[in-house]
Undergrad: 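Supplied in structure tokens, the structure appears directly below.
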There are 2 protein chains.
Amino acid sequence: MSTASSSLPDTDLLRQTIRASGLKVTAPRVAVLRALQRLPHSSAERVFDRVKDELAGTSTQAVYGILAAFTGAGLVRRFDPPGSPALFECRVGDNHHHLVCIRCSAIRDVDCVIGEAPCLEPSDDAGFVILSAEVTFNGLCEQCRTISSTDDNP
Amino acid sequence: MSTASSSLPDTDLLRQTIRASGLKVTAPRVAVLRALQRLPHSSAERVFDRVKDELAGTSTQAVYGILAAFTGAGLVRRFDPPGSPALFECRVGDNHHHLVCIRCSAIRDVDCVIGEAPCLEPSDDAGFVILSAEVTFNGLCEQCRTISSTDDNP
DNA sequence: CGTTTATTTTGAACTACTCAAAACAAACCG
DNA sequence: CGGTTTGTTTTGAGTAGTTCAAAATAAACG
């Protein structure tokens with residue numbers, strides 16, 4: 001058995017990941033990271049729902065703060081689909097893109113079209129230093145596509 | 001002189017554009033379209049600020065409704081930069097992308113890297129029907145880049 | 001184990017946006 | 001040109017998502 005301070009098995013690894021990013025390790029942070037690994041593309045509220053089951057007494061504000069700290073440290077990635085709260089995921093550094101269903105808001109990861117470092121270079125950078133690129137494909141998922149062709153009034 | 005019902009010169013053209021999209025022509029709609037042509041990448045609030053100078057008595061709700069109607073009719077395009085309210089622009093149908101300064105929130109249009117129909121095809125569409133693609137480059141504009149290299153504490 | 005420094009809680013406030021009902025105006029038509 | 005229909009705007013209120021600030025608390029370092 002490992003010397004985990006929490007009862008869950010992967011806690012030590014989560015703690016290491018957090019510390020490796022230069023952040024202090026706390027119980028709420030471990031819980032948030034675990035929640036996010038289990039439920040990718042989660043909103044702050046959804047993360048909070050899961051965290052409070054594991055660690056009662058955690059506040060929403062803590063979750064917002066932790067997600068901001070993780071994002072700043074490069075541990076998680078944030079993205080903002082239109083008409084939806086901000087979403088967070090652990091998959092980071094691989095510059096993947098997102099498929100968003102405009103009907104049911106389902107999210108799917110998709111690898112970049114053009115190899116490793118994709119759409120990272122615009123035709124004219126207008127003097128900008130580009131730090132990251134976010135590609136979002138809006139469409140209809142398989143299920144919603146079928147519904148929409150049957151029933152024209154969503 | 002044209003038979004414009006408003007005093008501004010380009011009003012007739014704006015009215016035609018709105019009607020051509022299948023929408024009723026009203027004074028607030030003309031004012032919103034004019035504001036948006038003058039100030040691209042504007043938030044609803046910013047559009048409202050300009051509209052109310054031209055047409056006192058217009059409500060914010062009307063502006064939100066008009067922008068939603070225009071977007072639905074394909075007359076304007078909406079996009080959602082992270083941490084900012086939704087932005088609207090008239091340039092539509094050419095699938096251009098956006099450069100966003102993460103420091104001062106400046107927006108610049110940029111044409112697509114890969115010819116006409118760009119990043120519109122993901123490597124694996126996971127059963128989705130893709131309707132549109134949104135590419136956002138996050139970075140530092142020329143001015144903020146200079147400031148950042150001089151002053152490390154933003 | 002105490003000190004320092006960062007984090008979390010607590011409580012409140014704010015922004016962007018949406019909803020619903022009543023008042024109103026544009027478009028169509030005789 | 002005036003009535004009718006249909007869609008739009010105003011008015012008034014409400015909500016979700018997020019942020020702020022100060023006090024309480026816990027992690028890390030020595």
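Protein chains get the first letters and strands the later ones, always in sequence-line order, with residue 1 at the start of each. Both backbone and side-chain heavy atoms feed into the values below; hydrogens, waters and symmetry mates do not.
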Undergrad: With sugar-phosphate meaning primed atoms plus P, OP1 and OP2, does A/Thr58 contact a base, only sugar-phosphate, or nothing at under 4.0 Å between heavy atoms?
TA: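 Since only primed, P, OP1 and OP2 atoms lie under 4.0 Å of A/Thr58, the category is sugar-phosphate.
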
Undergrad: Going by heavy atoms in the side chains, are A/Val100 and B/Phe128 under 4.5 Å from each other?
TA: no

Undergrad: Specify the separation, in whole Å, of atom CG of A/Leu33 and atom P of C/dT7.
TA: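 Computing the A/Leu33:CG to C/dT7:P distance gives 15 Å.
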
Undergrad: Quick one: list whatever passes ring-ring contact (aromatic ring centres under 6.0 Å, His included) with B/Phe79, sequence neighbours left out.
TA: B/His98

Undergrad: Base, sugar-phosphate, or nothing: which does B/Gly65 touch, judged by heavy atoms less than 4.0 Å apart?
TA: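 No contact.
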
Undergrad: A side-chain contact here means heavy atoms from C-beta on lying under 4.5 Å apart; do B/Thr136 and B/Pro81 qualify?
TA: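 Result no, sub-4.5 Å side-chain heavy-atom pair not found.
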
Undergrad: Please give, in whole Å, the distance from C/dC17 P to B/Phe48 CZ?
TA: 14 Å

Undergrad: Check residues 56-66 of chain B and write down every donor-acceptor pair under 3.5 Å in which the side-chain atom is one partner and the other belongs to a residue at least two apart or another chain.
TA:
from: B/Thr58; atom 1: OG1; to: B/Leu55; atom 2: O; distance (Å): 2.7
from: B/Ser59; atom 1: OG; to: B/Ala62; atom 2: N; distance (Å): 3.1

Undergrad: Rounding to 10°, can you tell me the angle the first-five-pair axis of the helix from C/dC1-D/dG30 to C/dG30-D/dC1 makes with its last-five-pair axis?
TA: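 Result, rounded to 10 degrees: 40°.
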
Undergrad: Considering residues at least two apart in sequence or located in another chain, which fulfil the side chain to side chain donor-acceptor pair (under 3.5 Å) criterion with B/Asp53?
TA: none

Undergrad: Can you name the residues that form a side-chain contact (heavy atoms from CB on, under 4.5 Å) with A/Arg46, not counting sequence neighbours?
TA: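 So A/Arg46 forms a side-chain contact (heavy atoms from CB on, under 4.5 Å) with A/Leu39, A/Ser42, A/Ser43.
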
Undergrad: Got a sec, which residues hit salt bridge (Lys or Arg N to Asp or Glu O under 4.0 Å) with A/Arg91, two or more places apart in sequence or on another chain?
TA: A/Asp94, A/Asp109, A/Asp111

Undergrad: Tell me, do B/Val47 and B/Phe88 make a side-chain contact under 4.5 Å, heavy atoms counted?
TA: no

Undergrad: CZ of B/Arg46 versus P of C/dA16: gap in Å, rounded?
TA: 13 Å

Undergrad: Let me know the distance between CG of B/Leu67 and P of C/dC17, rounded to the nearest Å.
TA: 10 Å

Undergrad: Which residue pairs pass the side chain to side chain donor-acceptor pair (under 3.5 Å) test with at least one member in residues 72-85 of chain B, sequence neighbours excluded?
TA: B/Arg77-B/His96, B/Arg77-B/Glu134, B/Arg78-B/Asp80

Undergrad: One character per nucleotide, please: for nucleotides 19-30 of chain C, 5' to 3', B when the base has a protein heavy atom closer than 4.0 Å, S when only the sugar-phosphate does, - otherwise.
TA: B------BS---

Undergrad: Strictly below 4.0 Å, heavy-atom distances to any atom of DNA chain D: list the hits from residues 79-90 of chain A, or just say none.
TA: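 The answer is A/Pro85, A/Ala86.
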
Undergrad: State, yes or no, whether a side-chain contact exists between B/Val51 and B/Glu54 at a heavy-atom distance under 4.5 Å.
TA: no

Undergrad: Where does the chain A footprint on DNA chain D start and end, counting 5' to 3' with a 4.0 Å heavy-atom cut-off?
TA: D/dG17 to D/dA28

Undergrad: Any idea which heavy atoms bring A/Ile102 and A/Asn138 closest together, and the distance?
TA: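 So the two residues come closest at CG2-CB, 3.8 Å.
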
Undergrad: Counting only pairs under 3.5 Å, give me each side-chain donor-acceptor contact of residues 19-31 of chain B, with atom names and distances, residues two or more places apart or in other chains.
TA:
from: B/Ser21; atom 1: OG; to: B/Thr17; atom 2: O; distance (Å): 3.3
from: B/Thr26; atom 1: OG1; to: B/Arg29; atom 2: N; distance (Å): 3.3
from: B/Arg29; atom 1: NH1; to: B/Lys24; atom 2: O; distance (Å): 2.9

Undergrad: My understanding is that only residues two or more places apart in sequence, or in another chain, count here; which of them pass side-chain contact (heavy atoms from CB on, under 4.5 Å) with B/Cys90?
TA: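 side-chain contact (heavy atoms from CB on, under 4.5 Å) list for B/Cys90, sorted by chain: B/Leu33, B/Leu36, B/Gln37.
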
